[in-house]
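Here is the structure we will look at.
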Amino acid sequence: MGYRCMLLNTRSACKHAQDIFELLDTVKPLCLMLTETWWGEFSNPDVVTAIPPDYNIFRKDRAKGRGGGVALVVRKGTPCAILPVKDIRGSETLAFSITLSPHQSVKGLLVYRPPGPLGTFSEDLDSVLLGLALKAEHCIVAGDFNVRMDDPSDPAAIKLSEAMTPLGLIPYLQEPTHEKGHTLDQVFSSSPLEEIEISPVLWSDHSLAKFTIKGIAKPVAALAQQQDRAHRAYHRVTPEMLAQAAVDHPCPLSGDLDGDLETLQDWLLDRLKDLAPESTPRLTPKRVSAPWFTAALLATRQQCKTDVYHIREKKDLGDIQLIRLHKEPFSFFPEDSWFCNQVTVESPAGKIYHFPCYRWIEGYLTVELPEGTATLASAEVHNSLLLKQRENELKERRETYKWKVYHKAFPRCIDVDNVKELDSNVKYSISKSLNFALTQKTSTLETKLKGFFGRQESWKSLQDLKRVFWTHKTSTSEYVSQHWKEDAFFGYQFLNGVDPMIIKKCNRIPDNFPVTDSMVAYILGPKTNLTVELQRGKIFIADFKILEGVPANILNGHQQYMAAPLCLLYLSPQDEMIPLAIQLNQTPGPENPIFLPSDNEWDWLLAKMWVRSSNFSTHQALSHFLRTHVFAEVFCISTLRQLPMSHPLYKLLIPHHRYTLQINTLARQVLIGPGGSFDKSTAIGIAGLAELISRDMQSLTYTSICIADDLKSREVESLPNFYYRDDGLKIWSAIESYVSGIVDFYYKGDKSIQTDPELQAWVREIFKEGFLERQSSGVPSSLKTRAELIKYLTMVIFTGSAQHAAVNSGQFDFLSWMPNGPGTMRQPPPKTKGTATLESVLEILPEVGTTTALMVTVRVLSDEPGDMRPLGTLPDEHFTEEEPKRCIKAFQKRLSQISAEIESRNASLPVKYNYMNPKVIENSVSI
């Protein structure tokens with residue numbers, strides 16, 4: 001049996017009586033320990049209204065002055081006695097004894113110490129604790145100590161810990177309890193505490209700590225020894241030691257992800273206990289975190305076993321072109337899967353033959369592996385054995401990887417309903433699966449947000465948002481939360497934010513956007529006008545016409561709303577992109593005003609929020625999902641179906657399709673499917689997503705998915721401070737150079753491209769299944785020259801690597817601060833000016849539960865869940881010839897140079913643009 005308890009700094013219980021009442025009435029803990037109660041006389045009505053009738057309250061108020069105070073709220077029927085103790089100067093303390101059962105009691109001390117130097121606090125506390133004679137019992141010391149217990153080097157933390165250690169009191173709160181990221185509140189206990197949770201509450205700058213008391217207290221020496229072992233394990237055991245332990249003592253995994261998470265953690269903790277060297281800790285360790293799992297599993301996986309076999313043959317076999325691997329039953333042992341990297345054969349004459357495999361071999365079967373030299377089908381026209389092998393391989397793959405119509409407007413996808421149906425060769429590795437699940441299910445972020453999920457009320461203030469988002473932040477997300485209202489930062493995001501694909505030059509003001517000189521004079525000044533600035537090429541536009549008429553979602557029974565705005569922007573003499581005017585719908589008129597920077601603060605800010613919300617919808621549906629994820633999946637499936645493993649383009653492309661089928665299958669399951677994140681937390685919803693993709697597929701062009709052509713068509717190729725363009729063009733050029741080396745080596749002329757049936761089948765299938773045979777798109781259905789092939793291959797690799805990174809990796813940075821990119825709006829766009837206030841804006845923005853659910857989604861999408869292969873990292877040796885290996889090394893060298901250039905530039909930027917740094921770009925769409 002467990003006894004649930006809670007600790008909270010209320011930051012004035014006087015103001016939050018109803019909140020305290022609801023907390024007790026909902027959770028129903030055995031006791032609630034409160035600090036900073038700010039209660040005065042006992043007759044204060046706030047005390048009565050804060051406590052449900054089935055609880056008793058015991059208090060120690062501040063003797064003089066405002067603030068301070070502690071209180072213990074205990075469920076009626078639970079024997080509780082208040083113990084006399086000496087006061088600690090400048091602090092409030094309350095000593096108590098609670099009888100849990102006839103055989104178990106808890107003696108404790110509740111403390112509030114105000115901020116400031118520690119002084120003699122630890123000595124006074126030590127005296128109080130000794131006076132309570134705690135050693136013989138299960139004891140707890142809890143409260144707000146205003147000491148940074150998260151910093152082991154903090155002298156105050158060391159001193160406080162040293163006061164507790166002789167009594168066997170161990171600190172159990174290991175995560176931040178204050179909105180500024182520090183562990184100021186703490187629960188010290190002489191016996192183990194379980195089910196520890198730390199969750200922010202909207203009405204305090206401190207988090208609520210929950211914990212469960214179980215079992216009888218252990219002897220102090222035994223507990224200290226147990227904690228010492230844990231400390232040594234977490235801090236001294238190396239990944240290499242864990243890897244060897246995994247070989248010596250394999251972890252029994254069943255394949256069930258939820259069960260395997262617990263099994264793996266138990267196994268890892270057992271190994272840590274076995275391996276820990278001697279050490280003496282000052283403070284207790286933190287819980288094992290996800291990177292340990294990655295390190296241990298990856299190191300184990302890399303220690304592949306090599307078997308050597310000697311085969312006697314009297315006759316000279318000549319050049320070995322093909323080998324067969326037979327996997328057969330052995331005795332009574334069950335069938336198991338085998339991952340084969342490659343087979344290397346050495347002839348009696350010393351010649352080495354390489355046979356790449358890099359696949360799972362499951363079941364009892366024979367696998368044929370051609371020698372690793374890349375060849376075109378035309379080179380094997382007179383070799384019936386190898387030609388047959390190519391045909392059989394593709395026939396088998398076409399049975400494994402079939403097309404499916406997910407939605408008639410969408411490009412086709414893999415024919416599976418869930419991840420379990422995928423072939424093992426395209427699934428996540430176990431380390432990536434486990435880390436992905438940990439990020440989803442057990443990340444500290446999700447735990448801290450538990451109290452907010454499902455809440456349907458509006459945010460009470462923007463300050464409340466900050467009290468949630470401090471749990472996980474980056475330097476960019478912090479910058480966004482501080483500068484999101486600024487016009488220059490609003491414009492900056494069209495160039496270097498999460499969606500740099502919208503903005504284009506405006507050569508004439510659209511007829512349906514009647515902006516006049518008088519409207520923009522506030523920004524342009526008296527010496528120029530719109531006509532002049534249009535001629536100078538300084539006016540730009542973001543037009544969301546594609547959203548016009550798209551049906552909006554219904555969330556929690558309430559209609560949501562979208563707009564189809566036009567936003568006019570101006571490149572200022574300071575090279576800042578500044579918004580000039582915003583119209584929230586496409587048809588001008590008296591009920592569709594043009595909002596201006598000269599309007600009142602909240603009118604203008606709300607107009608910009610509507611633009612950001614519209615951009616959220618187009619970014620998620622089109623720039624991100626359709627134009628990277630969906631197209632990458634099309635390229636992947638066609639590669640698997642049309643290019644055999646001996647084809648040079650298969651060897652070139654397969655690293656850039658790694659895990660794409662798994663992440664897209666997951667997306668259809670949990671993001672865009674019924675009940676998924678799009679359905680539950682965005683205005684676009686499933687119906688809107690389908691409509692948007694249908695519209696974009698009708699207008700999409702080959703130009704728009706090739707970065708240099710796209711930039712030129714939007715006339716933004718010469719904009720200053722456009723880091724997406726700068727980095728993207730460098731990476732495109734590096735990929736193009738790499739691809740050129742491969743193509744030139746294997747294709748000796750244009751005719752060899754035109755007569756390669758496997759290549760042409762690959763291109764033709766992509767055109768049919770991916771671009772739905774739309775001739776007007778300009779996407780080729782066949783390739784005739786080396787220049788065409790090089791551009792096409794560069795586009796395929798760039799789309800699945802650099803372009804995906806550009807529109808994916810910054811999602812948490814720019815969208816976790818919800819007002820900067822609302823996923824939905826709860827009221828229609830305003831029809832008049834002068835009505836917006838902070839209160840009305842909070843009623844329009846997404847409610848609490850919707851916001852937090854979407855925050856978790858963008859974090860999961862932005863976090864790389866381990867087992868990452870950065871762009872150009874090619875550990876699988878598909879190519880065996882020297883020339884392609886030289887091309888790979890040159891590619892890697894150029895990428896390294898680009899990384900250095902990006903990092904040098906970023907050093908002087910207030911907001912670093914690092915999303916297209918090759919070091920952090922994944923080879924493929926895998927998250």
Side-chain angles (χ1 to χ4, degrees), residues 246 250-261 263-264 293-294 297-298 300-305 324-330 333-343 355-369 392-404 413-437 632-633 636-641 643-645 650-651 653-669 865-869 875-876 878 922-927:
C251 178
L253 299 176
S254 65
D256 174 60
L257 193 55
D258 291 327
D260 284 347
L261 283 171
T263 301
L264 185 58
F293 294 107
T294 308
L297 290 166
L298 280 178
T300 303
R301 188 181 178 203
Q302 289 165 0
Q303 292 183 356
C304 299
K305 183 179 180 182
R324 294 189 177 102
L325 302 180
H326 303 280
K327 187 162 175 279
E328 300 172 346
F330 177 70
F333 290 101
E335 191 277 330
D336 63 347
S337 299
W338 174 40
F339 188 87
C340 177
N341 281 352
Q342 61 177 307
V343 177
F355 298 85
C357 183
Y358 300 105
R359 58 171 285 189
W360 286 100
I361 300 176
E362 299 176 315
Y364 304 120
L365 73 167
T366 296
V367 175
E368 293 185 339
L369 300 177
N392 289 340
E393 180 187 345
L394 291 179
K395 181 179 179 181
E396 179 186 336
R397 293 235 214 100
R398 288 165 187 158
E399 285 298 312
T400 303
Y401 306 106
K402 295 181 178 179
W403 295 102
K404 179 175 77 172
C413 65
I414 190 69
D415 187 13
V416 297
D417 293 325
N418 54 64
V419 169
K420 291 182 179 179
E421 296 178 10
L422 284 171
D423 179 62
S424 298
N425 291 295
V426 297
K427 288 183 180 179
Y428 278 179
S429 64
I430 186 170
S431 60
K432 200 174 188 81
S433 292
L434 289 170
N435 276 286
F436 187 82
E633 181 173 3
C636 174
I637 297 173
S638 189
T639 297
L640 293 169
R641 287 172 52 86
L643 301 177
M645 63 188 302
Y650 176 90
K651 295 172 183 285
L653 295 172
I654 199 62
H656 303 286
H657 299 324
R658 186 172 184 252
Y659 300 148
T660 297
L661 297 187
Q662 164 126 2
I663 191 58
N664 279 13
T665 302
L666 277 172
R668 286 185 284 273
Q669 283 182 251
D867 194 10
M868 177 195 177
R869 291 185 181 174
D876 297 347
H878 291 281
E922 181 89 9
N923 262 332
S924 58
V925 174
S926 69
I927 183 62

Hey, could you give me the NZ/CZ distance between Lys395 and Arg641, rounded to the nearest 0.5 Å? 13.5 Å

Is there a side-chain contact between Leu325 and Leu369 in this structure, where contact means two heavy atoms from C-beta onward sitting under 4.5 Å apart? yes

Regarding Asp867 and Ser429, is there a side-chain donor-to-acceptor distance under 3.5 Å anywhere? yes

Closest approach of Glu633 and Cys413, non-hydrogen atoms and distance? OE2-CB, 3.4 Å

Determine whether Asp423 and Arg359 make a side-chain contact, defined as any pair of heavy atoms from C-beta on separated by less than 4.5 Å. no

For Leu640 and Leu394 the tightest heavy-atom approach is O-CD2, 4.3 Å

When you measure from the side chain of Lys404 to the backbone N and O of Val416, does any donor-acceptor pair fall under 3.5 Å? yes

Nearest heavy atoms of Ser337 and Trp360, plus distance in Å: CB-CE3, 3.7 Å

Using every non-hydrogen atom in the two residues, find where Thr665 and Val419 come nearest and quote the distance to one decimal. CG2-N, 3.7 Å

Supply the atom-to-atom distance Thr400 OG1 to Ile637 CD1, rounded to the nearest 0.5 angstrom. 12.5 Å

Using only atom types and a distance under 3.5 Å, with no angle test, would you say the side chain of Arg397 pairs donor to acceptor with the backbone of Leu643? yes

Could you tell me whether the side chain of Asn418 and the main chain of Glu421 form a donor-acceptor pair under 3.5 Å? yes

So, do Asp876 and Pro655 sit near enough that their side-chain heavy atoms are less than 4.5 Å apart? no

Is there a side-chain contact between Glu396 and Asn392 (heavy atoms, below 4.5 Å)? no

Using modelled atom types only, decide if a donor and an acceptor are shared between the side chain of His656 and the backbone of Asn923 within a distance under 3.5 Å. yes

Atom pair CE (Met645) and CD1 (Ile654), whose distance is rounded to the nearest 0.5 Å: 9.5 Å

Please test Val343 against Cys357 for side chain to side chain contact (heavy atoms under 4.5 Å, CB included), starting from the C-alpha separation and ending with a verdict. CA-CA 7 Å; Val343 177; Cys357 183; 5.8 Å; no

Could you grab the distance from atom CG of Asn425 to atom OH of Tyr401, nearest 0.5 Å is fine? 5.0 Å

Between Ser924 and His657, is any side-chain donor less than 3.5 angstrom from a side-chain acceptor? no

Has the side chain of Lys651 got a donor or acceptor atom that lies under 3.5 Å from a matching backbone atom of His878? yes

Parallel under 30°, tilted from 30 to 60°, perpendicular over 60°: which one fits the rings of Tyr659 and Tyr428? perpendicular

Of all the heavy-atom pairs spanning Glu362 and Ser424, show the shortest one and how long it is. OE2-OG, 2.7 Å

What I'd like to find out is whether the side chain of Thr660 reaches to under 4.5 Å of the side chain of Val426, using heavy atoms alone. no

Donor-acceptor contact below 3.5 Å, side chain Arg658 vs main chain Ser926: no

NE2 of His326 to CG of Leu365: how many Å apart, nearest 0.5 Å? 10.0 Å

Donor-acceptor pair, distance only, cut-off 3.5 Å: does the side chain of Lys427 make one with the backbone of Gln662? no

About how many Å separate CH2 of Trp338 and CD1 of Ile361, when rounded to the nearest 0.5 Å? 4.5 Å

